[in-house]
Amino acid sequence: MRKRVAIKDHQQEIQLINRRCISTLVIMVILVLLLIARLVWLQLINHNHFTTLSQKNWLDLVPLEPTRGLIYDRNGLLLAENIPVYSLDIIPNKISNMPKTLADIARIVPLSDDDIAQFHRELKQHRRFDEVTLKLRLSEEEVARFSENQYRLPGVRVKAHLIRHYPFVNSLSHVLGYVGRINIDELKEIDTTNYSASNYIGKLGIEKFYEDELHGTVGYEQAENDASGQALRVLNQIKPVPGKNLYLTLDTKLQAEVEKALAGHRGAVVAIQPATGQILAMVSEPSYDPNLFVAGINNKDFQALQESPDRPLYNRALRGLYPYGSTIKPFIAVGGLDLGVITPNYAISDPGWYKLPTSSHIFHDHKRGGHGTVNLFRAVIVSCDTYFFDLAHRLGIQRLDNVLQKFGFGQLTGVDLDEELPGVLASPAWKRKVKGVSWYEGDTLNSGIGQGFMQVTALQLATGVAIIANHGKRFIPHLLLAEQTPGQSLEMQASTQHDPVKLDNPANWNIVINAMVGVIMAPGGTGYHFGKALYSVAAKTGTAQNHSIKVYNSNIDHEDQSALPEKLRDNSLFIAFAPVDKPKIAIAVIVENDLGAPQIARQILDYYLLGPPLVLPIAPANNTKVQGTAAHVIH
């Protein structure tokens, strides 16, 4: 008997299919609603947030460093330039393991301990997405080796930079200063946005004082990157504004001649144009190479500079404080005449010493036996200490200080450099505050010959003698001659005048100036080492003692101190201006432990007023042909 086959229940199957379709539809609707909700959340509610994140995945906003302004001298000679170099930079937020990355780099490009130490210091000063320089000035071979391995080092790149270079090396270093890497203290003072692409800032000198003008304004570019972070193309750019070019009042050729004259000595020279206050030369010797500091000086070189007994880092022109010596006498003479304390004919008998009426202490003149009868004219010429002891006593310390203040002593000159010291105008109040003791009348006498507590800088002396040359007209000494925005014409900087030194009788200027001319020309003048010149010159010599000669030998001659250790020999000073009728230059020379200031001043003034020495070939005798050419110098 055949088995019965069950017939399908179509109605049941239809119901099953319907239920499944409905379930599937419900699930699809739910999923679509979730998708729509997600799209609303992403594209509407958080649109701005995710747009920014998306752009960051493929766009970089890169700050662009402005080109630092150049520095020229008054004749257009380039003093500070920018040269291209390659650096190895790291972006910290793209590095997962910094020690491993540094180790990997060191196997490709040699890294010194100084490089790594400097990198870690800068790492603390920058944000994690800033580029931090690991090594500066890569060689072409190092660039090539790194390029071959760059794919293994994401977040590390070679970048071209312009860095500062000083072509005159040691020359001008104390005036120009230098740029160096920005430190933590400087980060607190600067606009970090404007320095987001800059690692360097002016540290000293012109570079520091005119940092705002030289630096420029940062720019930006929007760059498209690939997955590894390498730039593919620039989408948008705001160009940086380069810094201004500066033209200084310095005459580099004169500066070089001053350095040549001062070579082998420790000291300072400042030369000023009296009619404008423009500084023609400013030299402090010995000097140093500012290029060492640009990329970061190593410990060995820095220690050598710091520990040098000659102190090459010390700016003697601005910060060297020296006793005036007898260079103070023309200024006190002007004050004595103007206040009516003395007349041109007022004379004293100089026995070689001076004694206060109320004291038994003897103040000795530098010349034993004295100068005999001395009036003001003769006192300046022979630098009679006894005369100026008497004048200082007659003036009193208050009036003496007031006179010197009119010439700018004891205060900052206002020069456009930050490192200047004001010197010291000693007074009873100053002595009580600094020394904690009372003022004595003997202190006043010592002040009258530029000794005791009185201290001055070379810049102050040059500025003071320029005031005498100008018959009282007083300018602020300055180094900036002109500024230039790239592509535009020069903007000349006007000289700034101080209140002039006014005398009740202007003829007193000529009385003192004539006496200063006699320092060089008159018999017995202390400036006889200067010699006779082809131009008129008004001058004053000075000697500042570093010790009491009695400690060694009371019979030692002031002009022959060869028996003394060098560091204990006297300093020599010399101030002058020339030509007398129409002064073109005023100069102050200070030489440590050497009496050669007049000879150094002569070499400088000859060069500036007469031009460089003429070099003529010597004709060979008997028409004999020779190899090369001999020469002699004619002044």
Side-chain angles (χ1 to χ4, degrees), residues 323-404 409 424-428 431 437-456 511-512 515-516 518-519 522 524-526 540-551 554-559 570-571 573:
Y324 292 73
S326 293
T327 60
I328 203 172
K329 293 173 181 176
F331 305 101
I332 296 177
V334 170
L337 289 171
D338 187 52
L339 293 170
V341 174
I342 57 172
T343 66
N345 296 322
Y346 172 75
I348 66 167
S349 177
D350 172 25
W353 51 269
Y354 184 85
K355 188 168 71 71
L356 288 166
T358 58
S359 171
S360 60
H361 182 79
I362 300 297
F363 293 84
H364 292 279
D365 191 279
H366 68 87
K367 182 180 179 181
R368 295 182 181 182
H371 298 87
T373 301
V374 182
N375 61 11
L376 176 63
F377 187 77
R378 188 67 181 163
V380 173
I381 290 173
V382 300
S383 199
C384 177
D385 291 337
T386 305
Y387 187 95
F388 284 94
F389 285 144
D390 180 72
L391 178 53
H393 175 61
R394 289 170 173 272
L395 282 169
I397 189 59
Q398 189 59 59
R399 288 197 294 182
L400 189 151
D401 277 356
N402 289 342
V403 167
L404 295 176
F409 297 118
V424 175
L425 273 189
S427 66
K431 189 179 180 185
V437 294
S438 300
W439 184 267
Y440 300 105
E441 189 60 30
D443 295 328
T444 302
L445 302 192
N446 283 329
S447 296
I449 62 168
Q451 299 287 352
F453 305 112
M454 307 289 265
Q455 291 183 319
V456 71
I511 293 171
V512 175
M516 293 175 69
V519 168
T526 56
K540 186 69 190 79
T541 58
T543 303
Q545 294 183 10
N546 287 327
H547 65 289
S548 173
I549 289 181
K550 292 180 181 179
V551 172
S554 60
N555 295 317
I556 287 179
D557 187 348
H558 276 277
E559 297 201 14
D570 292 345
N571 299 335
L573 301 89

Enquirer: Spell out, as yes or no, whether a donor-acceptor pair under 3.5 Å connects the side chain of K431 to the backbone of S438.
Expert: yes
Enquirer: Taking the side chain as C-beta and beyond, is there a heavy-atom pair between H366 and S383 under 4.5 Å?
Expert: yes
Enquirer: Report yes if some heavy atom in the side chain of V374 is under 4.5 Å from a heavy atom in the side chain of T386; otherwise report no.
Expert: no
Enquirer: Please identify each residue that fulfils salt bridge (Lys or Arg N to Asp or Glu O under 4.0 Å) with R394, with sequence neighbours left out.
Expert: D390
Enquirer: Determine whether H371 and Y387 make a side-chain contact, defined as any pair of heavy atoms from C-beta on separated by less than 4.5 Å.
Expert: no
Enquirer: Quick one, T444 and H393 - any side-chain contact, counting heavy atoms below 4.5 Å?
Expert: no
Enquirer: Can you tell me if R399 uses its side chain to pair, donor with acceptor, with the backbone of L395 under 3.5 Å?
Expert: yes
Enquirer: Side chains of K540 and V380, heavy atoms from C-beta outward: is any pair under 4.5 Å?
Expert: yes
Enquirer: Assess whether side-chain contact (heavy atoms from CB on, under 4.5 Å) is satisfied between L339 and V403, documenting all intermediate values.
Expert: CA-CA 9 Å; L339 293 170; V403 167; 4.1 Å; yes
Enquirer: Y324: what forms a ring-ring contact (aromatic ring centres under 6.0 Å, His included) with it, not counting sequence neighbours?
Expert: F409
Enquirer: Indicate yes or no for a side-chain donor-acceptor contact from N571 to the backbone of A544 under 3.5 Å, with no hydrogens or angles considered.
Expert: no
Enquirer: Report yes if the side chains of L391 and V341 come closer than 4.5 Å at any heavy-atom pair, otherwise no.
Expert: yes
Enquirer: Would you mind listing every salt bridge (charged side-chain N to carboxylate O under 4.0 Å, His left out) that reaches into residues 323-340, with sequence neighbours excluded?
Expert: K329-D385
Enquirer: Could you measure the distance from the OG atom of S447 to the CG atom of L400? Nearest 0.5 Å is fine.
Expert: 6.5 Å
Enquirer: Are any non-hydrogen side-chain atoms of V424 and M454 less than 4.5 angstrom apart?
Expert: no
Enquirer: Indicate yes or no: at least one non-hydrogen side-chain atom of P344 is less than 4.5 angstrom from one of N375.
Expert: no
Enquirer: Is a side-chain donor or acceptor of D365 paired with a backbone partner of G370 at a separation under 3.5 angstrom?
Expert: no
